[in-house]
Amino acid sequence: QVQLVESGGGLVQAGGSLRLSCAASGRTFSSYFMGWFRQAPGKEREFVARISWIGGVTDYSDSVKGRFTISRDNAQNTQYLQMNSLIPVDTAVYYCAAGRVGAQGIKYAYWGQGTQVTVSS
């Protein structure tokens, strides 16, 4: 059974930092992209960042580029999202996901349960 479990969310003041973790289990993720998405109240889920499991190639949304850093530890089957210079609009539930490249881009087949990040002004 595949499981993605996020941790590290919480309440932080604007300008602060948080580090999210996502522990993956239940299969080999060597050919998977790992990603982070977020969903704010009343809004659709949006892409935040992704990293390839092999080679560590990264990509970020424009809204977080330069402030967030995605990384992974293959030996621990864990990925991380270091979030710096947080601002109130970063407030959302953050989801970890795992997917593979298909004919129409990356399809994320596995999702975590989400962790709440709240940034106060």
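None of these values were measured; they are calculated from a predicted model.
Side-chain N or O atoms of Gln116 include none that pairs as donor or acceptor with a backbone N or O of Gly10 at under 3.5 Å. Proximity of a side-chain donor or acceptor of Tyr108 to a complementary backbone N or O of Arg100 within less than 3.5 Å is not detected. Between the side chain of Ser52 and the backbone N or O of Val57, at least one donor-acceptor pair lies under 3.5 Å. Between the side chain of Ser63 and the backbone N or O of Ser61, no donor-acceptor pair lies under 3.5 Å. With hydrogens and angles ignored, the 3.5 Å screen pairs a side-chain donor or acceptor of Arg67 with a backbone N or O of Ser85. A side-chain donor-acceptor contact under 3.5 Å links Glu6 to the backbone of Gly114. Thr118 places no side-chain N or O within donor-acceptor distance of the main-chain N or O of Leu11, the cut-off being under 3.5 Å.
Under the 3.5 Å distance criterion, with hydrogens and angles disregarded, no donor-acceptor pair is assigned to the side chains of Trp53 and Gln79. Side-chain contact of Ser17 with Asn84: a donor-acceptor pair under 3.5 Å is present, judged by distance alone.
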Mind running side-chain contact (heavy atoms from CB on, under 4.5 Å) on Val48 and Tyr60 for me, showing each step along the way? CA-CA 6 Å; Val48 174; Tyr60 298 90; 6.0 Å; no
Could you give me the CA-CA distance, side-chain angles and deciding distance for Arg38 and Val64, then say whether side-chain contact (heavy atoms from CB on, under 4.5 Å) is met? CA-CA 11 Å; Arg38 66 187 182 186; Val64 307; 4.0 Å; yes
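To the nearest 0.5 Å, atom CD1 of residue Ile51 and atom CE of residue Met34 are 10.0 Å apart. Here Leu4 contributes atom CG and Ser25 contributes atom OG; the two are 7.5 Å apart, rounded to the nearest 0.5 Å. Remark: Tyr110 OH to Cys22 SG distance equals 13.5 Å, nearest 0.5 Å. Atoms CZ and OG, on Arg72 and Ser21 in that order, are 15.0 Å from each other to the nearest 0.5 Å. For the atom pair Ile54 CD1 and Phe33 CZ, the distance stands at 10.5 Å (nearest 0.5 Å). The CD1 atom of Ile106 sits 7.5 Å away from atom CZ of Phe47, with the distance rounded to the nearest 0.5 Å.
Side-chain heavy atoms closer than 4.5 Å link hydrophobic residues (I, L, V, M, F, W, Y) into clusters, and following such links, possibly through other members, connects Ile70 to Leu18. One hydrophobic cluster, built from ILVMFWY side chains closer than 4.5 Å, cannot hold both Trp36 and Ile87; they sit in different ones. Side-chain heavy atoms closer than 4.5 Å link hydrophobic residues (I, L, V, M, F, W, Y) into clusters, and following such links, even through other members, never connects Val93 to Leu81. Hydrophobic clustering (ILVMFWY, side-chain heavy atoms < 4.5 Å, transitive): Phe37 and Phe29 are in distinct clusters.
Across all their heavy atoms, Ala92 and Ala40 have their closest contact at CB-N, 3.8 Å.
Between Tyr95 and Trp111, the ring-plane angle classifies as perpendicular under the 30° and 60° cut-offs.
Side-chain contact check for Leu20 versus Val117: some heavy-atom pair is nearer than 4.5 Å. The shortest distance between side-chain heavy atoms of Asp90 and Met83 does not fall below 4.5 Å.
Through direct or indirect side-chain contacts shorter than 4.5 Å among Ile, Leu, Val, Met, Phe, Trp and Tyr, Tyr80 is connected to no other residue.
More than 12 heavy atoms of other residues, nucleotides or ligands lie within 6.0 Å of NZ in Lys65, so this atom counts as buried by the packing criterion.
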